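The block underneath contains the structure these notes are about, expressed in structure tokens.
Hydrogens, waters and symmetry mates play no part in the numbers below; they use all other heavy atoms, side chains included. Just so it is clear, the structure is predicted and the values come from calculations on it, not from any experiment.
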Amino acid sequence: MEKGENLNRRSLPTLQQLRYLTELEKEDNTRGMIARIAEKCQVSTAPVSRYLKSCCEKGLLTEDYRFTKKGQAWIENYKRILKELPFYFRSIGIPEAQLEANVRDMIENISCYTISTMLANYKRMQSSHVREKRERLTEHFLREMLPEKIECPVYFMLYRNKEGKMALSMADHGFEKPAILKHNRRGSWLILKRKEMQGFSRINGEKMSGHLDTLKYDQEGTLIQAECRDDMIRIPLRAFQFHRRQGGEVRGVLSVTMTCSVGRSHMPESTAVLVFWM
């Protein structure tokens, strides 16, 4: 009997048993399926057959070895865990040579729910750490570069990803240049003034005009709609990521999502990267 094959052992799978199931997902449920799985996993057919039958008893598989809804959710959780655990162990300093052993020990001795909770909490802590680090960096830039009160022009551009390369976005024509950087005791903002855009229809060549309706910026994975008054759009500087380039130039970078209207038509959302220079 394989190590951990006894299913009364807290009902936890071994890495080998999880591989039986991931190989089962690739099969078309035809004659000789168990033999093919056994061959790929380099074991005899007996342990594969026993484990698949036990999964039927647990409700993870049907009698003809197809995943039930419960079984599909169960194996997807384990596949996600197997993908994330190596990153977790690397981040805490486990050497590459010991990764597989640590993953095996975790899978075979700790429940799926506990591992998932641990990984979720770890990612939340990491996200919080990254956010705090970015906030400290932003505060540093703002204190270093801005006097107590300032209102000055800054140059900016809007880019879009085109076939893996950054190209100028059409939305760049929807704002007057330059933008205004404003900083006082109440806060710090990049202020964009929207303007009417003009172009020609690709369908009939008719001249069209339109303007930006909304601009949302990405902050920690959440889209926040920027404040707009009298065609002036205010984006808080804390939303930007700052990078210092050689020569001392500082860039603020932010992912944005926009909608616009052309004539009576409301165009779908488009994404772009807003970059300004200080």
Sorted by chain and number, sequence neighbours left out, salt bridge (Lys or Arg N to Asp or Glu O under 4.0 Å) with D64 holds for R66
Rounded to the nearest 0.5 Å, what separation is found between the CD1 atom of I37 and the CD atom of E25?
10.5 Å
Closest approach of G252 and F240, non-hydrogen atoms and distance?
C-CD2, 3.6 Å
Has the side chain of Q98 got a donor or acceptor atom that lies under 3.5 Å from a matching backbone atom of P95?
no
Just to verify, what does R36 make a salt bridge (Lys or Arg N to Asp or Glu O under 4.0 Å) with, not counting sequence neighbours?
E27, D28
To the nearest 0.5 Å, what is the distance between SG on C228 and CD1 on I235?
10.5 Å
D231 vs K193, test: salt bridge (Lys or Arg N to Asp or Glu O under 4.0 Å). Steps then yes/no.
CA-CA 6 Å; D231 288 332; K193 185 175 183 179; over 6 Å; no
Could you state the interatomic distance from CG (L254) to CG (L215), rounded to the nearest 0.5 Å?
8.0 Å
Taking T45 for its side chain and I34 for its backbone only, find out whether a donor-acceptor pair lies under 3.5 Å.
no
Please determine whether salt bridge (Lys or Arg N to Asp or Glu O under 4.0 Å) holds for the pair E227 and R234, giving the CA-CA distance in whole Å, both sets of side-chain angles, and the decisive distance to 0.1 Å.
CA-CA 5 Å; E227 176 187 350; R234 292 157 56 102; 3.6 Å; yes
Say you draw a straight line from CD1 of I107 to CD1 of I115; how long is it, rounded to the nearest 0.5 Å?
4.5 Å
Excluding sequence neighbours, so at least two apart, what forms side-chain hydrogen bond (donor to acceptor under 3.5 Å, both in side chains) with N102?
none
For F175, give me all partners under ring pair (Phe, Tyr, Trp, His ring centres under 6.0 Å), at least two apart in sequence or on another chain.
none
Are any non-hydrogen side-chain atoms of V103 and L82 less than 4.5 angstrom apart?
yes
Are F87 and L85 connected, step by step, through hydrophobic side chains (Ile, Leu, Val, Met, Phe, Trp, Tyr) whose heavy atoms are closer than 4.5 Å?
no
For the residue pair R186 and N184, what are the closest heavy atoms and their distance?
N-OD1, 2.8 Å
Rounded to the nearest 0.5 Å, the CZ atom of F276 sits from the CG atom of L190 at a distance of 5.5 Å
According to side chain to side chain contact (heavy atoms under 4.5 Å, CB included), who are the partners of I224, at least two apart in sequence or on a separate chain?
Y217, Q219, T222
Tell me, please, which residues at least two apart from E96 pass salt bridge (Lys or Arg N to Asp or Glu O under 4.0 Å).
R90
Would you say E100 has more than 12 foreign heavy atoms packed within less than 6.0 Å of its CD?
no
In the hydrophobic cluster built from side-chain contacts under 4.5 Å, what are the other members alongside I191?
I180, W189, M232
Who pairs with Y78 by ring pair (Phe, Tyr, Trp, His ring centres under 6.0 Å), at least two apart in sequence or on another chain?
W74
Mind checking what makes side-chain hydrogen bond (donor to acceptor under 3.5 Å, both in side chains) contact with E76, not counting sequence neighbours?
Q72, K79
For R80, what residues pass the side chain to side chain contact (heavy atoms under 4.5 Å, CB included) criterion, not counting sequence neighbours?
N77, E84, S116
Using salt bridge (Lys or Arg N to Asp or Glu O under 4.0 Å) as the criterion, list what pairs up with R31, not counting sequence neighbours.
none
If you round to the nearest 0.5 Å, how far is CD1 of I75 from OH of Y20?
13.0 Å
Is the shortest heavy-atom distance from the side chain of V154 to the side chain of P178 under 4.5 Å?
no
Of all the heavy-atom pairs spanning T214 and Q225, show the shortest one and how long it is.
CG2-NE2, 3.9 Å
Output, in order, the C-alpha distance, side-chain angles, deciding distance and verdict of side chain to side chain contact (heavy atoms under 4.5 Å, CB included) for C41 and E23.
CA-CA 8 Å; C41 297; E23 291 297 335; 4.0 Å; yes
Tell me the closest heavy-atom pair linking S44 and A38, and the distance in Å.
O-CB, 3.6 Å
Under the side chain to side chain contact (heavy atoms under 4.5 Å, CB included) criterion, do V273 and V253 qualify, and how do the steps go?
CA-CA 7 Å; V273 177; V253 181; 3.6 Å; yes
Return the set of residues passing side chain to side chain contact (heavy atoms under 4.5 Å, CB included) with D172 (not counting sequence neighbours), or none when no residue passes.
F156, M157, L158, L168, K177
List the steps and the verdict of side chain to side chain contact (heavy atoms under 4.5 Å, CB included) for L21 and C55.
CA-CA 10 Å; L21 295 179; C55 288; 4.2 Å; yes
For a quick test of reading the model, state the closest non-hydrogen atom pair linking V275 to W277 and the distance between them.
O-CZ3, 3.6 Å
Note, L60 side chain near K70 side chain (heavy atom, < 4.5 Å)
yes
Applying side chain to side chain contact (heavy atoms under 4.5 Å, CB included) to M33 and L24, what does each step give before you reach the verdict?
CA-CA 8 Å; M33 175 182 66; L24 176 64; 3.6 Å; yes
In terms of heavy-atom contacts, K83 and P86 come closest through O-CD, 3.6 Å
